[in-house]
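Working notes, structure below.
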Amino acid sequence: MASLERRIAAAQRRLCTIYRLELALRADDFVLSADAAGALRPRKGPRTGLLALEEAGTLWLGLYFDPRDADDPAAILEETSHWVAVVWHAAQERPVSALVLELQADVDRYAVARMARVLDPLRHFAKLRLRSGLTRAQRSRYRAAHAAAYRYCRALERRFPRSSDLPGLLRELRGFYRRPPALKLTAT
């Protein structure tokens with residue numbers, strides 16, 4: 001568990017650096033065991049994910065990872081992205097939808113890959129695989145988020161193609177993070 005928590009903390013630091021976010025909480029403090037998560041998550045919930053419950057003005061959060069996903073950097077980044085976005089939006093007293101969380105996670109995967117100078121930071125967009133058992137609405141949400149994020153990140157690649165474009169890219173990404181949801185969904 002300690003190794004997983006270190007990777008979650010590293011993912012949070014990466015995201016907070018890219019977007020210049022200051023959060024008073026640490027995602028690695030919110031990791032639940034598989035047993036605890038199993039008792040709390042919805043019956044047909046994902047095997048790895050973010051648990052969020054708002055109750056009487058209090059937001060309860062937990063991150064859980066199926067052992068099959070605990071060593072997967074993409075799963076760790078995605079769930080940490082969801083946690084960071086929920087915490088940041090809550091601190092700003094702004095609502096956030098599951099659609100925006102998925103869109104932001106896809107943009108975050110691109111941003112992290114781009115900062116790491118991965119040869120093809122858009123590569124993960126070609127690998128959308130939806131797990132079985134999703135409802136029609138869930139499948140639609142994932143596809144819409146994925147398509148909007150891909151459109152936006154592809155536009156970023158055209159606008160900021162060189163390493164020397166990094167300051168402009170970071171300004172754009174930071175502005176995007178803070179946009180209202182409707183503007184995120186139509187960003188290019």
Side-chain angles (χ1 to χ4, degrees), residues 8 11-25 27 30 46 49-54 57 59 61 63 74-118 120-130 134-188:
I8 291 167
Q12 180 180 351
R13 279 191 305 275
R14 240 178 259 119
L15 294 171
C16 287
T17 298
I18 290 168
Y19 297 111
R20 282 201 179 141
L21 305 175
E22 292 186 25
L23 302 178
L25 302 172
F30 288 78
L50 170 70
L51 288 172
L53 172 67
E54 188 174 359
L59 181 61
L61 295 174
L63 280 172
I76 292 168
L77 180 60
E78 180 170 355
E79 299 312 326
T80 304
S81 167
H82 294 336
W83 185 92
V84 167
V86 167
V87 169
W88 184 83
H89 280 81
Q92 307 303 312
E93 297 183 5
R94 294 171 66 174
V96 64
S97 68
L99 175 63
V100 169
L101 291 179
E102 294 303 334
L103 182 151
Q104 188 62 57
D106 269 339
V107 172
D108 291 351
R109 286 179 69 179
Y110 163 80
V112 167
R114 184 72 191 266
M115 296 307 121
R117 293 187 165 89
V118 169
D120 181 7
L122 297 171
R123 185 181 70 217
H124 79 274
F125 286 105
K127 296 182 178 184
L128 178 64
R129 303 286 182 266
L130 298 177
L134 293 175
T135 66
R136 178 178 283 163
Q138 289 169 321
R139 294 176 82 75
S140 178
R141 180 180 67 229
Y142 281 116
R143 284 188 179 117
H146 193 74
Y150 180 57
R151 185 175 53 250
Y152 176 64
C153 293
R154 201 176 57 221
L156 291 177
E157 282 294 288
R158 286 190 302 268
R159 290 173 44 209
F160 305 101
R162 297 176 303 278
S163 294
S164 62
D165 296 332
L166 186 60
L169 174 63
L170 285 170
R171 270 191 307 280
E172 171 60 31
L173 287 167
R174 290 168 182 159
F176 177 84
Y177 200 91
R178 290 158 174 82
R179 285 182 194 161
L183 295 179
K184 282 187 170 194
L185 291 168
T186 60
T188 56

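Everything quoted here is computed from the prediction, not taken from an experiment. What you see below is based on every heavy atom in this structure, not just the backbone, and it leaves out hydrogens, waters and symmetry mates.
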* Among Arg13, Arg20, Gln12, find the one that has a side chain to side chain contact (heavy atoms under 4.5 Å, CB included) with Cys16. => Gln12
* Nearest 0.5 Å, what's the CG-CG distance between Asp108 and Leu103? -> 9.5 Å
* Non-hydrogen side-chain atoms of Leu15 and Val112 separated by less than 4.5 Å -> yes
* Closest contact, heavy atoms only, Leu63 versus Ala27 -> CD1-O, 3.9 Å
* Asked: Looking at NE2 of His89 and CG of Leu59, how far apart are the two atoms once the value is rounded to the nearest 0.5 Å?
  -> 12.5 Å
* Can you check side-chain contact (heavy atoms from CB on, under 4.5 Å) on Val107 and Gln104, steps first, answer last? -> CA-CA 5 Å; Val107 172; Gln104 188 62 57; 4.1 Å; yes
* Mind checking the CG-CG spacing from Leu185 to Leu99? Nearest 0.5 Å is all I need. => 5.0 Å
* **Sequence neighbours excluded, every pair satisfying salt bridge (Lys or Arg N to Asp or Glu O under 4.0 Å) that has a member inside residues 169-180** => Arg159-Glu172, Glu172-Arg179
* **Contact list for residues 163-188, test ring pair (Phe, Tyr, Trp, His ring centres under 6.0 Å), sequence neighbours left out** => Tyr19-Tyr177, Trp88-Tyr177, Tyr152-Phe176
* Structure fact -> Val100 and Lys184 have their tightest heavy-atom pair at CG1-CD, 4.1 Å
* Taking the inter-plane angle between the rings of His146 and His124 on a 0 to 90° scale, is it parallel (under 30°), tilted (30 to 60°) or perpendicular (over 60°)? -> perpendicular
* To do: Verify side-chain hydrogen bond (donor to acceptor under 3.5 Å, both in side chains) between His82 and Glu102, making sure each step is shown before the conclusion.
  => CA-CA 8 Å; His82 294 336; Glu102 294 303 334; 3.3 Å; yes
* Output all residues satisfying side chain to side chain contact (heavy atoms under 4.5 Å, CB included) with Arg117, sequence neighbours left out; order by chain, then residue number. => Ser163
* Could you grab the distance from atom OH of Tyr110 to atom CE of Met115, nearest 0.5 Å is fine? => 7.0 Å
* Structure fact -> In this structure, CG of Leu156 is separated from OG1 of Thr188 (nearest 0.5 Å) by 9.5 Å
* Do the non-hydrogen side-chain atoms of Thr186 and Arg151 ever get within less than 4.5 Å of each other? -> no
* For the residue pair Arg154 and Phe125, establish whether any side-chain heavy-atom pair is separated by less than 4.5 Å. => no
* Taking the side chain as every heavy atom from C-beta outward, state whether Leu21 and Val87 have any pair of such atoms under 4.5 Å apart. => no
* Identify the two heavy atoms, one from Ser81 and one from Ala105, that lie closest to each other, and give their separation to 0.1 Å. => OG-CA, 3.3 Å
* Asked: Would the number of heavy atoms belonging to other residues, nucleotides or ligands and lying under 6.0 Å from CD of Gln92 be above 12?
  -> yes
* Asked: Hey, does Trp83 have a side-chain heavy atom less than 4.5 Å from the side chain of Leu23?
  -> yes
* Roughly how far, to the nearest 0.5 Å, is the CG atom of Leu130 from the CZ atom of Arg139? -> 5.0 Å
